[in-house]
Amino acid sequence: MPEDKLDPTTTSLSHRRMSTKWNKIEALLGGTQSMRDAGDTFAPQHQYEPEKAYQARIAATTLLNMVEQTLDSLTSKPFSDPVVIGDDIPELIKNTILDDVDLQGNNIGIFGRSWFREGLAKSFAHVLVDHPRPMAVQEGRSRTLNDDRREGLRPYWILIKPENVIFARAQYINGVETLIHVRIIEEFTVQDGFSEAVKQRVRVLEPGSVQIWEQGEKKKWSVTDQWDTGLPYIPLVTYYSNRSGLMEGKPPLLDLADKNIEHWSSASEQRNVLTVARFPILGGAGVMHDESNPLVLGPRRALTDSNPDSKYYYIEHSGAAIEAGRNDLQDIEQQMAGYGAEFLKKKPGGQTATARALDSAESSSDLSSMAVMFEDAMASALQMTADWMNIKDSGGSIEVVKDYSEDDNSKGLELLDKARARRDISRSSLLDAYKRHGVLPDDFDEDKDLVAIQDEPPSLFGGSGLNIDSGA
């Protein structure tokens with residue numbers, strides 16, 4: 001992006017600092033083809049490696065996408081149950097907005113999941129609460145909310161990727177950080193004969209106004225459209241999963257992304273080693289072959305030579321490099337496998353937690369703290385929706401799942417199973433733990449179940465029968 005005070009595509013310092021982080025995440029989430037397209041950005045070409053050989057190596061590499069797997073797993077937890085619609089949401093918003101919040105057929109739960117996922121992946125993500133531009137009314141009277149309703153006009157939400165908000169400035173007004181200037185870069189298509197052309201425009205938002213900038217002749221930027229919103233603020237909500245400043249933060253999965261890129265590079269090397277090792281080189285000593293007497297290899301052929309002292313032999317790979325590469329890949333995979341579990345561990349308070357999250361007993365893991373902050377972002381978007389609709393009451397709130405104790409205790413239950421197998425704890429203690437963690441229902445009858453087990457025929461257990469004590 002340029003750095004020109006007359007060019008609206010000029011990016012902010014924070015955007016430039018974040019870009020390298022987003023590029024890693026985007027490439028990985030794009031999958032195998034995206035990583036291949038990135039070329040030597042993530043899998044360097046060796047100094048004397050021919051270009052053709054390098055391209056063949058990259059084309060044969062497949063991504064083990066642990067970033068996407070971990071991201072999807074973590075995203076699913078706050079949305080493992082349908083979002084809870086608060087009783088404080090105005091009926092007009094419930095009836096006209098929530099079932100199709102983006103005018104694309106997505107209800108607030110589906111839209112919210114996408115917003116949360118984007119913010120978790122890249123440290124933050126935005127929603128622009130927009131409104132269709134109404135038609136003019138008869139001269140001499142002001143447009144009213146009834147005009148909007150009669151024409152079916154109502155607010156809608158637009159998910160904005162963080163990399164598309166190229167510039168933002170804020171100032172503190174009455175102690176609250178308030179956006180005063182935002183620029184969003186947008187792509188759109190226009191018909192060009194029987195084809196399409198992709199163009200860019202910049203949406204410039206300031207409190208109460210919108211401008212659209214486009215390039216004209218000689219690539220000069222100018223305002224092509226502008227209008228007033230009637231709102232005293234910029235209707236953009238930013239959800240931060242990990243914030244360090246305005247439009248800046250460390251993506252929670254960035255370290256995993258670096259490890260995943262390391263795995264990609266190592267996998268490309270391993271595939272190359274396997275290719276070389278599978279094709280041993282035929283060597284010869286004292287062999288007399290030239291263009292008039294070529295060496296021909298293949299089935300049903302014998303190697304002969306006029307030199308009685310000549311010999312043929314294969315030069316084969318020792319396999320040491322293959323084993324070393326395999327071990328390296330396995331080590332990286334083990335390191336990546338448990339990464340997502342760190343976000344579910346109970347903590348006295350996470351760095352990402354807001355004051356409300358710190359005060360909440362259920363928000364004691366990083367992921368649950370992120371979920372609390374997401375609820376705050378959703379409430380802000382609902383309030384902006386209410387403002388667009390001239391609703392004087394609060395926009396209301398929604399709730400997502402924030403208690404992941406079952407996931408958090410899975411390893412603990414596994415340890416209990418092993419302790420029982422060693423007879424370090426009793427059967428009764430094990431079943432009590434199962435009930436506490438929801439594995440067994442609260443009304444589970446231990447004594448009745450023991451009788452049922454003892455009545456089962458030995459054939460169910462390979463004829464060996466069971467020897468179950470009642471808790472000793």
Side-chain angles (χ1 to χ4, degrees), residues 1-3 9-72 117-118 120-123 161-166 185 187 198 200 248-281 317-337 339-340:
M1 291 291 182
E3 295 183 44
T9 63
T10 299
T11 57
S12 66
L13 293 173
S14 61
H15 187 280
R16 290 170 219 160
R17 286 191 291 264
M18 291 297 299
S19 290
T20 55
K21 304 171 186 177
W22 292 328
N23 290 342
K24 291 178 183 179
I25 300 294
E26 273 288 288
L28 287 164
L29 293 181
T32 295
Q33 190 58 54
S34 175
M35 292 295 286
R36 289 174 179 172
D37 291 343
D40 60 3
T41 302
F42 302 123
Q45 184 175 0
H46 302 309
Q47 184 175 2
Y48 298 109
E49 185 177 17
E51 178 65 21
K52 189 174 182 178
Y54 172 73
Q55 293 299 332
R57 171 162 68 90
I58 296 302
T61 307
T62 302
L63 177 66
L64 175 65
N65 205 334
M66 293 302 297
V67 165
E68 184 173 47
Q69 290 182 30
T70 303
L71 177 62
D72 288 341
R117 184 181 189 271
E118 187 73 15
L120 177 57
K122 298 175 184 174
S123 182
K161 289 188 173 186
E163 55 266 39
N164 288 351
V165 176
I166 58 176
I185 194 162
E187 285 191 347
V198 179
Q200 287 186 330
E248 199 160 2
K250 178 183 176 182
L253 301 182
L254 184 61
D255 291 337
L256 177 60
D258 286 331
K259 187 62 65 174
N260 213 156
I261 290 170
E262 180 184 348
H263 186 276
W264 165 263
S265 181
S266 181
S268 74
E269 300 283 5
Q270 181 72 355
R271 179 59 55 188
N272 191 50
V273 168
L274 288 173
T275 300
V276 172
R278 287 170 178 171
F279 292 92
I281 300 172
H317 202 286
S318 69
I322 297 175
E323 185 64 20
R326 179 174 176 272
N327 291 338
D328 180 57
L329 288 172
Q330 289 181 337
D331 289 345
I332 298 173
E333 288 166 13
Q334 289 177 1
Q335 293 167 9
M336 292 193 294
Y339 194 88

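Worth knowing before you read on, the calculation uses all heavy atoms, side chains too, and leaves out hydrogens, waters and symmetry mates.
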Is it the case that the side chains of [Y] and [X] hold a donor-acceptor pair, with the cut-off being a distance below 3.5 Å and no angle test?
X	Y	value
Asn65	Gln69	no
Glu269	His46	yes
Glu51	Gln55	yes

Distance in Å, [X] [atom1] paired with [Y] [atom2], rounded so as to fall on 0.5 Å steps:
X	Y	atom1	atom2	answer
Glu248	Leu13	CD	CG	9.0 Å
Asn260	Leu254	CG	CG	12.0 Å
Trp22	His15	CH2	NE2	4.5 Å
Lys24	Met35	NZ	CE	10.5 Å
Ser266	Lys259	OG	NZ	10.5 Å
Leu64	Met336	CG	CE	5.0 Å

- Asp331: salt bridge (Lys or Arg N to Asp or Glu O under 4.0 Å) partners, not counting sequence neighbours: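 If we apply the salt bridge (Lys or Arg N to Asp or Glu O under 4.0 Å) test to Asp331, skipping adjacent residues, there are no hits.
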
For [X] and [Y], indicate whether the former's side chain and the latter's backbone hold a donor-acceptor pair under 3.5 Å.
X	Y	result
Thr11	Ile166	no
Tyr339	Met66	no
Arg117	Leu71	no

- Query: Do Ile58 and Gln45 have side-chain heavy atoms sitting under 4.5 Å apart?
  - Reply: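 No, every pair of side-chain atoms sits at 4.5 Å or beyond.
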
- Message: With a 4.5 Å cut-off on side-chain heavy atoms, are Asp258 and Glu262 touching?
- Response: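 Glu262 does not reach Asp258 side chain to side chain.
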
Taking all heavy atoms of [X] and all of [Y], pick out the closest pair and write down the distance.
X	Y	value
Phe42	Asn23	CZ-O, 4.3 Å
Ala257	Val67	CA-CG2, 3.6 Å
Pro44	Ser265	CD-OG, 4.1 Å
Ile332	His263	CG2-CB, 3.7 Å
Pro251	Lys21	CD-CD, 3.9 Å
Thr70	Leu253	CG2-CD2, 4.1 Å

- Check the pair Met18, Glu163 against side-chain contact (heavy atoms from CB on, under 4.5 Å), reporting the backbone distance first and the verdict last. CA-CA 8 Å; Met18 291 297 299; Glu163 55 266 39; over 6 Å; no

